[in-house]
Number of protein chains: 2
Amino acid sequence: MSNPVDSPGPPEDLTGADGVDAALESVEQQLSLFWRRARSVSQQLSRQVHPDMEPAAYGLLTIIRREGPMRLTDLASCVGVGKPSVSRQIAFLESIGLIFKEADPVDGRAQSIRLTPRGEEKMHQVQDARNQVFRERLGEWPVSELETLARYIAKLNSTYERDGFPKDESKRDQAQ
Amino acid sequence: MSNPVDSPGPPEDLTGADGVDAALESVEQQLSLFWRRARSVSQQLSRQVHPDMEPAAYGLLTIIRREGPMRLTDLASCVGVGKPSVSRQIAFLESIGLIFKEADPVDGRAQSIRLTPRGEEKMHQVQDARNQVFRERLGEWPVSELETLARYIAKLNSTYERDGFPKDESKRDQAQ
DNA sequence: CAACTGGGTTGCTCATGGCAACAATTCTAG
DNA sequence: CTAGAATTGTTGCCATGAGCAACCCAGTTG
């Protein structure tokens, strides 16, 4: 923002803040639109791949699977929502046998949430199906673009991280 | 339950599709995370810029502003949600005096939705404030990345378009 | 022991959106 | 010209997901 960089590649030679402003506006609008559409798409997708699997639940499961057993609070803070929501989701997932809660031997209050074998299995199926759908939608994209997109969104996500979520306690700061 | 959706041995020809697969998975995960986080961020943002302005309403207003007066159905299809949702949002926006509905002289059923002067004014304020917030968050990004991000998300959005939304036109009530 | 802290759950409410059913209007046959 | 189809927008009912507050239970500390 401070420095009008001589971009070697792209020819967008807009001077500093102007270009940033325009670009920010584009990002904002596209993001806003995407956010709104994403709901129906995500529900649709979830219903395709597995009717039992709620869209929100899938996100939790991927994290648990990727990060290994973790406590509910960590999970909540990782996904960026409050504990109550996660608690309910987890309760549901436990009720259908995809995860189980294991008491932490060290800390009696805490609990390790982990996938059951059936959960692992289902995740395989669902991820397969999801991958297929995504490939139908984005398969024609050049790999480099996909990678870039993933990287940028990850960057976006990490940007949100440093600002704090309604984490229910400790950091319930309300940006004012 | 038994498993009605098992796809037994689909041709897993990963002929060079490995990279695509991995990239798709990244995109999927980041998108999933983003979608989940975006809600709280968006609400937070909306509350900052203007407490009266619901997150969803803002999206509608930007579109109306950009595209000019339009009918409710077009608006709904443009934003990718059903008519009922938009109808309610619009009713709310009208109740707080940001838009008004003008009867179409040609088609008695239709109505042109347009911004009131007050709506224009408020949009200015809100957009200013939003821009500021976005700049705080993304201002350090190189312009080229912002532009690329915007372009990719736009591409993503257009990808969804061709697939159709729950547009509510497809299935109609079957007569008296 | 009591008091405090931190992990998780539950009750209530809100925001958003879908589907179905509806009223009002226009269009299209016969 | 009139009956039925189609379209525009509205409303009722319900589902999902999330937040806040209040609560319970286990550990920690004095």
Side-chain angles (χ1 to χ4, degrees), chain A residues 35-44 46-47 51 53-60 70-77 79-95 101-113 165-172 174, chain B residues 32 35-44 46-47 51-60 70-77 79-92 94-95 101-113 165-176:
Chain A
W35 175 72
R36 195 114 187 227
R37 287 184 175 173
R39 179 173 314 196
S40 71
V41 173
S42 138
Q43 281 176 355
Q44 200 173 310
S46 287
R47 232 154 260 159
M53 179 83 77
E54 315 270 319
Y58 174 77
L60 294 183
M70 60 198 308
R71 291 174 313 164
L72 190 144
T73 304
D74 295 339
L75 189 52
S77 107
V79 83
V81 298
K83 284 188 298 179
S85 305
V86 176
S87 175
R88 282 181 256 256
Q89 289 287 347
I90 289 300
F92 168 73
L93 288 174
E94 191 183 23
S95 81
K101 296 185 267 192
E102 189 180 39
D104 186 329
V106 193
D107 191 339
R109 306 164 293 181
Q111 57 195 24
S112 257
I113 298 165
F165 289 106
K167 264 196 252 202
D168 176 292
E169 47 229 278
S170 47
K171 281 253 204 68
R172 201 181 41 216
Q174 62 304 337
Chain B
S32 162
W35 176 71
R36 194 113 187 229
R37 286 183 175 175
R39 180 175 312 197
S40 71
V41 172
S42 138
Q43 281 177 356
Q44 202 172 308
S46 287
R47 231 156 262 158
D52 304 353
M53 180 84 77
E54 315 272 319
Y58 174 76
L60 294 183
M70 58 198 309
R71 291 174 313 161
L72 191 145
T73 304
D74 294 339
L75 190 52
S77 109
V79 83
V81 298
K83 286 187 297 180
S85 306
V86 176
S87 175
R88 281 181 257 259
Q89 289 287 345
I90 288 300
F92 168 73
E94 191 183 24
S95 81
K101 297 186 268 192
E102 190 179 38
D104 186 328
V106 193
D107 191 338
R109 306 164 293 183
Q111 57 195 24
S112 255
I113 298 165
F165 288 107
K167 265 199 271 245
D168 149 312
E169 324 284 317
S170 31
K171 46 166 26 169
R172 258 193 23 79
D173 96 7
Q174 279 312 39
Q176 300 113 319

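Residue numbering restarts at 1 for every chain, and letters A, B, ... go by the order of the sequence lines.
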Residue closer to the 5' end of DNA chain C, A/A91 versus B/G108 (nearest nucleotide)
A/A91
Between [atom2] of [N] and [atom1] of [X], the distance in whole Å:
X	N	atom1	atom2	value
A/W35	C/dG17	CH2	P	6 Å
A/K83	C/dT5	NZ	C1'	11 Å
B/M70	D/dT8	CE	P	13 Å
B/F92	C/dC14	CZ	C1'	13 Å
A/I90	D/dG17	CD1	P	13 Å
A/M53	D/dG17	CE	P	12 Å
A/I113	C/dT9	CD1	C1'	12 Å
A/L75	D/dA18	CG	C1'	15 Å

Please determine if a side-chain N or O atom of [X] lies less than 4.0 Å away from the OP1 or OP2 oxygen of [N].
X	N	result
A/Q111	C/dT9	yes
B/K101	D/dT10	yes
A/T73	C/dG8	yes
B/R109	C/dA23	no
B/S87	D/dT10	yes

Mind checking the [atom1]-[atom2] spacing from [X] to [Y]? Nearest 0.5 Å is all I need.
X	Y	atom1	atom2	answer
B/L75	B/K83	CG	NZ	12.5 Å
B/S46	B/E54	OG	CD	8.0 Å
A/R36	B/S85	CZ	OG	7.5 Å
B/S32	A/Y58	OG	OH	7.0 Å
A/L72	A/S112	CG	OG	11.0 Å

To the side chain of [X], which of [options] is closest?
X	options	answer
B/R39	D/dG17, C/dT10, C/dT16	D/dG17
A/R88	D/dG19, D/dT10, D/dT8	D/dG19
B/A56	D/dA18, C/dA20, C/dT16	C/dT16
B/P55	C/dG18, D/dT10, C/dT16	C/dT16
B/A110	C/dG18, C/dT16, D/dT8	D/dT8

Can you tell me whether the side chain of B/R71 and the base of D/dT8 have a donor-acceptor pair closer than 3.5 Å?
no
Would you mind classifying the nucleic acid contact of B/Q43 as base, sugar-phosphate or nothing, using non-hydrogen atoms under 4.0 angstrom?
nothing
For A/R47, answer base if it contacts any base atom (sugar-phosphate contacts may also be present), sugar-phosphate if it contacts only those atoms, and nothing otherwise; contact means non-hydrogen atoms under 4.0 Å.
nothing
So, applying side-chain contact (heavy atoms from CB on, under 4.5 Å) with B/V86, which one of B/T73, B/V81, B/I113, B/D74 is it?
B/V81
By nearest heavy atom, map A/E54 and A/P105 onto DNA chain D; which one lands nearer the 5' end?
A/E54
